[in-house]
Amino acid sequence: MKKEIEIVAYRCKKCGKIHYPFHDRCLACKSREFEKIKPEGMAKLLTYTRIYNLPWGFDQRYLTIGVVEFENGVRAMGQIHVDESAHLETGMVMKPEWGPVRKQYGEAVYGLVLKPAG
Amino acid sequence: MRDVAVIGVGMIPFGRRDEDTLMDMLAYASLKALDDAGLGDKSVDAVYVGNMGGGVIQHQTAIASSLVDRLSLLPAAAETVENGPASGGSAVKAGLLAVASGYYDTVLVVGGEKMREVTGWRATDFVATLTHPQVEYPYGITLPGMAGMFTRLYMEKYGVTREALVSVAIKNQEMGGLNPYAHVEMAITKEGIFDDPAAIVNNPVAADPLHLYDACPVSDGAAAIVLCPLEMLKSPAKPPVIIAGFGQATDTQTLQEREDPTDLKAVTLAAQQAFERARLKPSDIHVAELHDAFTILEIAESEHVGFFKKGEGAKAALAGKTRLGGQIPINVSGGLKARGHPVGATGVAQVVDIVWQLRHELPKNRQVKNAQNGLTVNFGGFGNNVLAFVLRRVEK
């Protein structure tokens with residue numbers, strides 16, 4: 001597992017469809033030409049869950065995970081770092097950060113961390 | 001292409017089978033199917049084994065090669081088929097195509113999984129390896145987690161309530177209690193889930209908004225079928241059942257890349273293909289085994305295969321339309337929810353249960369009266385690789 005979960009999306013040069021993760025051919029038009037784009041701006045929470053039966057590798061009581069859409073259309077999964085009692089709802093604006101999401105062989109793996117904006 | 005008949009079926013009870021190895025379970029189910037087909041001391045042309053986790057959990061590969069040796073089926077052709085939780089369905093498809101094409105006449109298909117050998121932590125992690133290795137898995141997402149996110153969207157879009165989800169769990173656990181092959185035999189009640197103070201302990205949140213009773217158990221188990229061309233059956237001992245149609249379709253690996261994540265396109269397409277090939281329509285089906293790894297999936301799949309309109313599946317479940325005796329009985333076996341979900345076995349077990357139904361071999365309290373046509377849906381990944389089979393009883 002990489003130490004960092006890069007968030008680089010790919011916009012099709014022919015039809016404009018945004019892909020994340022990478023695909024060798026555009027999911028819409030089959031083109032192979034892409035431009036790399038970074039997620040921009042704040043993120044809208046599309047859906048989320050709080051998981052209590054965790055997989056091997058997580059030594060904590062629960063994990064909150066969501067899927068967001070950034071202002072430039074990039075969609076990505078990330079961990080939501082909030083207290084168990086925090087109110088979440090779909091459509092709310094989240095502030096994206098870059099932070100540790102798990103440990104691998106004692107070292108932190110960094111990825112997308114989300115917190116409610118404001 | 002030749003019509004392909006299921007001439008033998010076999011299953012072993014699902015659950016926690018500490019005393020058996022993966023190979024034991026595959027062998028037991030295979031022998032039952034071979035005996036049921038009347039092939040007790042004969043061989044077969046080919047064997048397809050559906051298994052997802054042997055290489056990860058048991059540290060064992062080339063499982064089909066090992067099985068033909070153990071069963072003295074040498075020199076039959078043998079392959080292991082891995083397609084995540086749809087491994088069983090894919091093994092059935094491999095056997096179906098092999099016989100339909102004329103390459104082989106007699107084929108054994110067996111699916112099995114031994115998941116209770118490791119801790120829940122490890123089993124959860126093993127199944128999560130089917131998520132995207134760079135953009136999903138590292139965050140700790142699990143299959144219950146994927147289902148939780150899907151359920152939230154489905155509830156918001158279609159107004160599905162917890163009562164509707166619970167109605168599926170109650171129905172399937174009730175039927176599991178009647179099925180000697182089921183992992184979960186405990187009946188549950190609406191009052192116990194909503195009103196009992198102990199529910200918070202007995203039925204805790206697993207992956208919000210899903211609770212423990214919304215999810216299938218982690219199971220050991222195996223199931224097997226024997227296939228041959230219908231034209232070779234001269235005077236069958238049991239009513240022949242053919243695989244009249246199958247379909248398979250894929251979708252994006254990540255939920256985030258689906259335009260509408262509540263639209264299970266691969267389920268719709270796989271079912272449409274299966275119906276077209278069988279020259280039947282959803283209203284012709286008398287009994288169905290759908291992939292209810294989570295209660296929401298039984299509701300969503302019942303809509304996507306065409307039994308109910310989008311948004312009507314939950315109402316149908318609440319109205320009892322999917323119960324035995326209802327408009328379209330779904331998961332009379334107890335489904336994955338109660339029969340259990342040894343991942344590689346499930347797609348084969350669904351076919352076994354439908355064959356029993358179409359042969360009219362089940363006891364009255366589980367038999368769909370005069371069932372002639374059945375449907376199975378085996379849901380791989382989180383809906384990104386789905387197989388559907390339409391089975392039909394033929395009078396010969």
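Every chain is numbered from 1, with letters handed out A, B, ... down the list of sequences.
In this structure, the portion of B:Glu156 lying under 4.5 Å from any heavy atom of chain A is its side chain and not its backbone. Neither the backbone nor the side chain of B:Ala128 comes within contact range of chain A, judged by heavy atoms closer than 4.5 Å. Using a 4.5 Å cut-off between heavy atoms, A:Ile18 contacts chain B through its backbone alone, with no side-chain atom that close. Of the two parts of A:Leu63, only the side chain, counted from C-beta on, holds a non-hydrogen atom closer than 4.5 Å to a non-hydrogen atom of chain B.
From A:Thr90, atom OG1 reaches atom NZ of B:Lys157 across 13.0 Å, with rounding to the nearest 0.5 Å. A distance of 7.0 Å separates OG1 of A:Thr49 from CG of B:Leu210, quoted to the nearest 0.5 Å. From A:Ile65, atom CD1 reaches atom CD of B:Glu136 across 9.5 Å, with rounding to the nearest 0.5 Å. Summarising the geometry, atom CZ belonging to A:Arg75 is positioned 9.5 Å from atom OG1 belonging to B:Thr254; distances are rounded to the nearest 0.5 Å. Annotation: the span from A:Tyr48 atom OH to B:Met149 atom CE amounts to 12.0 Å, rounded to 0.5 Å. Atom CZ in A:Phe58 sits 12.0 Å away from atom OG1 in B:Thr124 (nearest 0.5 Å).
Residues B:Pro138 and A:Gln79 fail the side-chain proximity criterion, which asks for heavy atoms closer than 4.5 Å.
With chain A as partner, the option from B:Gly140, B:Ala123, B:Gly148 having the largest number of non-hydrogen pairs under 4.5 angstrom is B:Gly140. Between chain B and the options A:Arg50, A:Lys17, A:His19, A:His23, heavy-atom pairs under 4.5 Å are most frequent for A:Arg50.
Residue A:Met77 is tested with B:Val135, B:Ile141, B:Thr131, B:Leu255 for a side-chain contact (heavy atoms from CB on, under 4.5 Å); the sole match is B:Ile141.
Contact record, A:Pro21 with B:Glu257: CD-OE1, 3.7 Å, taken as the closest heavy-atom pair.
Residue A:Lys95 places its NZ atom among 12 or fewer non-hydrogen atoms of other residues, nucleotides or ligands, all under 6.0 Å distant. Other residues, nucleotides and ligands place no more than 12 heavy atoms under 6.0 Å from the CD atom of B:Glu259. More than 12 heavy atoms of other residues, nucleotides or ligands sit less than 6.0 Å from atom CG of B:Asp195.
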Q: Would you sort out whether B:Tyr139 and A:Leu112 count as a side-chain contact (heavy atoms from CB on, under 4.5 Å), showing the intermediate values?
A: CA-CA 9 Å; B:Tyr139 290 105; A:Leu112 177 63; 3.4 Å; yes

**Q.** Worked verdict on A:Arg102 versus B:Tyr137 for side-chain contact (heavy atoms from CB on, under 4.5 Å)
**A.** CA-CA 11 Å; A:Arg102 71 184 297 158; B:Tyr137 176 83; 3.8 Å; yes

Q.
Quick one, B:Thr252 with A:Leu27, criterion side-chain contact (heavy atoms from CB on, under 4.5 Å). Give me CA distance, side-chain angles, the key distance, then yes/no.
A. CA-CA 9 Å; B:Thr252 62; A:Leu27 289 176; 4.0 Å; yes

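Residue-level contacts of residues 115-122 of chain B with chain A, in order of numbering, are B:Trp121, B:Arg122; threshold 4.5 Å between heavy atoms. Of residues 36-43 of chain A, no residue lies under 4.5 Å from chain B by any heavy-atom pair.
Checked by atom type and distance alone, the side chain of B:Gln256 never pairs as donor or acceptor with a backbone atom of A:Leu46 at under 3.5 Å.
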